[in-house]
2 protein chains.
Amino acid sequence: MPTIEDVAKLAGLSPATISRVINNHPYVSQEKKDIVAKAMKELGYVPNSNAQRLRRQKTETIAVLIQRIANPFFSQLVESMDIIADRNNYKLLICQTNNDKEKELKYLNLLKTKQIDAVIFASIENEWSIVEGFLKYGPIIFCNDFAETAPVPIVCLDQYKGSYIGTKHLIDRGYKRLSYCGGSKATCLSRDRRAGFMAAVKEAGLNVSDQWLFKDALTIDDGKQILREIASMDNRPDAIFTGSDEVAAGLITEAKRHGITVPNDLGVLGFDDQPIAELVEPGITTIHQPVRKIGIKAMDVMIDILVSKKKLEHQFIQLPFHLVVRESTR
Amino acid sequence: MPTIEDVAKLAGLSPATISRVINNHPYVSQEKKDIVAKAMKELGYVPNSNAQRLRRQKTETIAVLIQRIANPFFSQLVESMDIIADRNNYKLLICQTNNDKEKELKYLNLLKTKQIDAVIFASIENEWSIVEGFLKYGPIIFCNDFAETAPVPIVCLDQYKGSYIGTKHLIDRGYKRLSYCGGSKATCLSRDRRAGFMAAVKEAGLNVSDQWLFKDALTIDDGKQILREIASMDNRPDAIFTGSDEVAAGLITEAKRHGITVPNDLGVLGFDDQPIAELVEPGITTIHQPVRKIGIKAMDVMIDILVSKKKLEHQFIQLPFHLVVRESTR
DNA sequence: TTGAAAGCGCTAACAA
DNA sequence: TTGTTAGCGCTTTCAA
């Protein structure tokens, strides 16, 4: 592998001048530029990134922390982020935490070891008090889920309003015995979403049996499982608010096997508006999240921080979202 | 940020000894080990990866080239690879080429610039003759799609057999007017898959109208579009072989709108066996690909190459797959 | 506009 | 078992 020194020798110039050409510094004569370009080409020279990184103390790499890449929400989010990052010559390091606090810390450590310049949390496992300490090694922002007290930019949706609107829809359609599936973690996202549901329920003067509150529902299989539980109840809910279209799809599929008719016996509300929502039958009434927009916005914010070196400050950027009515609710 | 030198000073030892402790070298007394550990902890020291990489000429990072992470096939593949990589202390750099030759080359260049140690192609855009030149910068293997003549390990499925089995199934169920959707690229995967289809068709003495051959079908929307084309034909096929469950799902959904009954008016065969296959109605008869197994196997092969520094050689590792019969075929 | 030289933080050959 | 030292390949200050 040729080094900058080899190029310098071949060009009859100093390494410094070669470096200037590589980095587009001003004050290099066109003549030398040409000579250098020729020499680089002849040798097939490419700068060694690790040497550059060591010297510059920058990696041009941003880590994105997510739960699982196979979750369509995250894969779409990451895809949109990648487009913006790439356009600005940043690379994305996709970090799957799998709901594991240790793994999250391991990834955060990349900031310390200078393997990444910054971190975007799209899901978070540890308490902010633990994450906080990493702020001195590089910028951190949130996107989607977040830690409320963090003094950093947060790009998200108004989960409270979202689930309020969805729940209100169920109530308006005459459902009275509402069930709720949420995540397991005590994150802001889960909390707000649940609060929105509860607010709408309370406002309508409805009662929610504890039996109808489900936790840890994320996948298609979780949805199926929940339906089986519902089927075995004496006191069944007549509608269910889920945290994702996958769960809703699982519920709908399994409902058919149990002779439960959606939307009449059971109204089902999804979340996300994934492609799957319009493929199952009945189509899933769901709360549309502008996934890609969140990804793009978050990456824009991060690039801006990195480029303009501006200080982090607490800031809430909330994007709008809306209800998509299909056939899984009356 | 403390450096190895700071630790050395605090511990009253040389940087070399600190380095030995970091890297678990033999011939360090337990006593010194303890002193060093204490000093590192006190300073909150972490080795600078870029310095290590520059010195060692290794990054412990493997690039995986895929089309799009939002494609469930690829996101599952990547997820399974990541588990194995992580277990061996390798990081994965996910590179979305978006079917763009230039982007692929850009990512390959990371090999030259020492930002990655190796490359796994899960989809390929450029000719092997172009990629070949990068072999001298690090190991390259294929997984899923591949370049046949490449003298490197290839982990894949027998696409020919797969589509043959699927097509045979359609024929056995009495379908006689078969349509085919394939990818657009002239890759080995596309070619073999098509050849398997053609072989089964020919064997059965059936005729395939050119009108029934579709290209570039990848997404749900592509499936819908194709169904619309079929609906407008005078001479309709009675079954269709698709390249993915997404396309199949699009076809099925759109068929309902056009009063075409699946599986009676039109048999639909998917590919992959994604979760979606059992959620749509009718469920999709499909060719199951052991995605995760491919990912795990490919990563095992790569890690082995990297660890044992063995030379690359042409080797075909084919994994089995099978037909899953649901309701989209008679 | 160019060059000399120091040093980013680490590892490993060699010496002790 | 430990230390000294020479780089890995690059950028940047300072001087010319």
Side-chain angles (χ1 to χ4, degrees), chain A residues 1-37 39-40 43-61 109-117 137-138, chain B residues 1-40 43-61 89 109-117 137-138:
Chain A
M1 279 276 69
T3 71
I4 205 169
E5 196 113 7
D6 299 326
V7 180
K9 253 174 220 152
L10 182 61
L13 292 162
S14 74
T17 303
I18 314 301
S19 172
R20 290 191 185 101
V21 173
I22 294 170
N23 297 291
N24 265 314
H25 274 275
Y27 308 128
V28 184
S29 66
Q30 188 57 48
E31 186 205 346
K32 310 280 172 182
K33 270 188 197 160
D34 294 342
I35 298 178
V36 172
M40 293 205 295
L43 292 171
Y45 168 81
V46 228
N48 179 313
S49 299
N50 297 309
Q52 291 181 314
R53 291 177 175 191
L54 175 58
R55 201 35 243 243
R56 303 206 264 233
Q57 306 281 36
K58 291 231 186 84
T59 63
E60 254 101 56
T61 301
N109 256 305
L110 299 178
L111 211 47
K112 271 197 193 176
T113 59
K114 301 273 161 61
Q115 299 186 64
I116 52 175
D117 292 344
Y137 304 111
Chain B
M1 277 277 71
T3 69
I4 203 168
E5 197 112 5
D6 300 325
V7 180
K9 253 174 219 150
L10 181 62
L13 292 164
S14 74
T17 303
I18 314 300
S19 171
R20 289 191 186 102
V21 174
I22 295 171
N23 297 290
N24 265 313
H25 275 276
Y27 309 128
V28 185
S29 67
Q30 189 58 47
E31 185 206 346
K32 311 280 173 184
K33 269 188 200 164
D34 294 340
I35 298 178
V36 172
K38 192 162 159 290
M40 294 205 294
L43 292 171
Y45 167 81
V46 230
N48 179 312
S49 298
N50 297 309
Q52 291 182 313
R53 290 177 175 190
L54 176 58
R55 198 40 240 240
R56 299 206 266 235
Q57 305 281 34
K58 291 233 185 81
T59 63
E60 254 100 55
T61 301
N89 285 313
N109 255 305
L110 299 178
L111 212 46
K112 271 198 192 174
T113 59
K114 301 272 160 59
Q115 298 187 64
I116 52 175
D117 292 344
Y137 303 110

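Convention: sequence-line order gives letters A, B, ...; per-chain numbering from 1. This structure is a prediction, so every number in the text was calculated from the model and none was measured.
- A distance of 11.0 Å separates CG in B:N48 from CZ in A:R53, rounded to the nearest 0.5 Å.
- Across all strands shown, A:L13 has heavy atoms under 4.0 Å from sugar-phosphate atoms exclusively, and none from any base.
- Minimum heavy-atom separation, B:A8 to B:P15: CB-N, 3.6 Å.
- B:H25 places its NE2 atom 15 Å from the P atom of D:dG3, with the value rounded to the nearest Å.
- Scored by the side-chain hydrogen bond (donor to acceptor under 3.5 Å, both in side chains) test, B:D117 finds B:T59 as partners (sequence neighbours excluded).
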Show me the side-chain donor-acceptor pairs of residues 24-35 of chain B shorter than 3.5 Å, one per line, residues at least two apart or across chains.
{"unit_1": "B:S29", "atom_1": "OG", "unit_2": "B:K32", "atom_2": "N", "d": "3.3"}
{"unit_1": "B:Q30", "atom_1": "NE2", "unit_2": "B:D34", "atom_2": "OD1", "d": "3.1"}

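- Contact of the A:I4 side chain with the A:I22 side chain is registered, since non-hydrogen atoms from C-beta on lie closer than 4.5 Å.
- Atom pair A:M40:CE and D:dG9:P shows a separation of 17 Å (rounding to whole Å applied).
- The OG1 atom of A:T61 lies 14.0 Å from the NZ atom of A:K114; values are rounded to the nearest 0.5 Å.
- Atom pair A:D6:CG and D:dC8:C1' shows a separation of 13 Å (rounding to whole Å applied).
- Atom C1' of nucleotide C:dT1 and atom CD1 of A:I18 are separated by 14 Å, given to the nearest angstrom.
- Straight-line distance from the NZ atom of A:K58 to the C1' atom of D:dT11: 12 Å, rounded to whole Å.
- Residues from residues 26-34 of chain A lying near DNA chain C, meaning a heavy-atom separation below 4.0 Å, are A:Y27, A:V28, A:S29, A:K32 in numerical order.
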Using nucleotides 14-16 of chain D, report all nitrogen or oxygen pairs with the protein that are shorter than 3.5 Å.
none

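- In summary, the side chains of B:T113 and B:Q115 do present a donor paired with an acceptor at a separation below 3.5 Å, with no hydrogens or angles considered.
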Just do the side-chain contact (heavy atoms from CB on, under 4.5 Å) check on A:R20 and A:L13 with the steps written out, would you?
CA-CA 11 Å; A:R20 290 191 185 101; A:L13 292 162; over 6 Å; no
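- Atom CG in A:N50 sits 12.5 Å away from atom NZ in B:K58 (nearest 0.5 Å).
- Residue A:S14 holds its OG atom at 10.0 Å from CD of A:E5, rounded to the nearest 0.5 Å.
- Of all heavy-atom pairs spanning B:K112 and A:V46, the tightest one is CD-CG2, 3.4 Å.
- Helix bend of the helix from C:dT1-D:dA16 to C:dA16-D:dT1: the angle between its two end axes, each built from five pairs, comes to 30° after rounding to 10°.
- Taking both residues in full, the closest heavy atoms of A:A51 and B:L54 are given as CB-CD1, 3.8 Å, listed atom of the first, atom of the second, then distance.
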N/O-N/O pairs, protein side and nucleotides 7-10 of chain C side, under 3.5 Å:
{"unit_1": "C:dG7", "atom_1": "N2", "unit_2": "A:R55", "atom_2": "NH1", "d": "2.9"}
{"unit_1": "C:dC8", "atom_1": "O3'", "unit_2": "A:Q57", "atom_2": "NE2", "d": "3.4"}
{"unit_1": "C:dC10", "atom_1": "OP1", "unit_2": "B:Y45", "atom_2": "OH", "d": "2.5"}
{"unit_1": "C:dC10", "atom_1": "OP1", "unit_2": "B:N48", "atom_2": "N", "d": "3.0"}
{"unit_1": "C:dC10", "atom_1": "OP2", "unit_2": "B:I4", "atom_2": "N", "d": "2.4"}

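- Minimum heavy-atom separation, B:I18 to B:A11: CD1-CB, 4.5 Å.
- Between A:T17 and C:dG3 there is a side-chain N or O to OP1 or OP2 distance below 4.0 Å.
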